2 protein chains.
Amino acid sequence: MAQLQKCTDKRNALVQATMELVNNNGFHAAPMSKIAKMANVSPGTIYLYFENKQDLVNQVYLEVKSVFTAYAFETYDPKMPVEQGFEVIWKRIAEFKLNKCQEAMFLAQCDNTPIIDEPIRQEGIKHLQPLLDLWKRGKEEGSIKPLSDYILYAYTVNPLSFLMLMQQRGVFKIGKKELESAYLAAWNSIKSE
Amino acid sequence: MAQLQKCTDKRNALVQATMELVNNNGFHAAPMSKIAKMANVSPGTIYLYFENKQDLVNQVYLEVKSVFTAYAFETYDPKMPVEQGFEVIWKRIAEFKLNKCQEAMFLAQCDNTPIIDEPIRQEGIKHLQPLLDLWKRGKEEGSIKPLSDYILYAYTVNPLSFLMLMQQRGVFKIGKKELESAYLAAWNSIKSE
DNA sequence: AGATAAAAAATGAACGTTCATTCATTTTCT
DNA sequence: AGAAAATGAATGAACGTTCATTTTTTATCT
């Protein structure tokens, strides 16, 4: 798979088409031929950019995951106090999950199914380190309950995935007020005392 | 599709095999031929019990969902005080999600992908009514925050799905102590004041 | 009870389709 | 003109589903 020099356009179109089809139809009903058609590209072209279908979906996952974490930490500064830092990160994550639905849905599907190879998934998690560091700091100074990172994640970040899905399916709409309540619920579940 | 009279055994074996294969390989890599083999049945036999592959997975979903809710409410009595009722239900749900991994994983996958037809999914949700009634009571008496049911679900039940997955993937183990912490986090996120 | 026939259930090879992937050819860029 | 990129028809494998046949169960009669 020789590195192609330009035309990151076609690659992006393929990434976008893969997300859209997997979101709407599921992995099992997202054939290469349709992905190609949606990206305005010939089926054969996909194999200039990706090894095969599994590699395609792996790469899309990694790319979307790193866009997500970059977005999450964009306005965060490790010098912030714990509570403020948490609020900043949480609200960026919420903004991402609720506005970039396409990307968030794709991640949710990948994280809850075996379609992504396990080593690739592990790699996608690494970018989350700043949040884990913040939690470590919070636990040390006593502002955050001394719980496993998995529990902290389950009660603060994961609920947003569920709310995103419900919004996407049209049964629930989250506005400014609901977002503030949701943030409080998140903070209340992990803050000390 | 005439009703078959006996041999609910074969049907159960098919349900079990479908869950196992979809959990381990994903829907796209769970062909009818493998499902049949795992259930010790001929491929043709599947079509005596189910219309087609979509119907098979729909029915498995409905069946597992109703086993789940039956389990959740088994020890609950609507006459219980709100906080006690919530604790009873929450802990049953936790028990189910953490012990019946096969079933819980399958539900998580179905709820986060488009593999289940939307009307069928809607039907599966109906059995959750007792919990919604409890929350209504809690909001009216002021013991539970006046939040949307979706937010309450996101912060109390959904985290368990995430923790179940992490336990299943071997990166996290939830014991008696963690379970108690998790319950407190859940209750803290939705209790009033 | 045992024998026999009719009905029900189960089988698995066969069918038509669709899929991922390849590669000889064409198009676009340098 | 030469190299790089893109094409899309062709290929073989795998899939969901069917149905003519076989096996098992049930019902009936001696």
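Nothing here was measured: the structure is a model prediction, and the numbers come from that model. Side-chain atoms are counted along with the backbone in the values below, which use heavy atoms only and exclude waters and symmetry mates. Naming: A, B, ... by sequence-line order, numbering from 1 per chain.
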Tabulate protein N/O versus nucleotide N/O from nucleotides 21-24 of chain D, keeping only pairs under 3.5 Å, one per line.
none

Check: So, is B:Lys10 close to the C:dA10 phosphate, meaning a side-chain N or O under 4.0 Å from OP1 or OP2?
Finding: yes
Checklist line | Side-chain N,O (A:Tyr47) to OP1/OP2 (C:dC23) below 4.0 Å | finding: no
Margin query: Under 6.0 Å between ring centres: does that hold for A:Phe162 and B:Tyr153?
Written below: yes
Notebook entry, point to check: Between C:dA20 atom P and A:Lys34 atom NZ, what is the distance in whole Å?
Noted result: 10 Å
Check: Just how far, in rounded Å, is C1' of D:dA6 from OH of A:Tyr49?
Finding: 8 Å
Next item on the list: Among B:Gln129, B:Arg137, B:Lys136, find the residue that satisfies the side-chain hydrogen bond (donor to acceptor under 3.5 Å, both in side chains) test when tested with B:Asp133.
Entry: B:Gln129
Next item on the list: Find the distance A:Asn52:CG to C:dA20:P and express it as a whole number of Å.
Entry: 11 Å
Next item on the list: Name the orientation class of the two ring planes belonging to A:Phe86 and A:Tyr183 (parallel below 30°, tilted from 30 to 60°, perpendicular beyond 60°).
Entry: tilted
Margin query: The side chain of A:Leu48 is closest to which nucleotide in this list: D:dG8, C:dT11, D:dA6?
Written below: D:dA6
Notebook entry, point to check: Hey, is the main chain of B:Ser189 close enough, under 3.5 Å, to the side chain of B:Lys145 for a donor-acceptor pair?
Noted result: yes
Item checked: Spacing between B:Phe50 atom CZ and D:dT17 atom P, to the nearest angstrom -> 13 Å
Item checked: Exceeds 12 heavy-atom contacts within 6.0 angstrom, atom NZ of A:Lys139 -> yes
Next item on the list: Could I get the full list of salt bridge (charged side-chain N to carboxylate O under 4.0 Å, His left out) partners for B:Glu180, not counting sequence neighbours?
Entry: B:Lys91
Note to self: Please determine whether a side-chain nitrogen or oxygen atom of B:Thr45 lies at a distance below 4.0 Å from atom OP1 or OP2 of C:dT11.
What the structure shows: yes
Item checked: Nearest to side-chain heavy atoms of B:Met32, which nucleotide of D:dT17, D:dA6, C:dC19 -> D:dT17
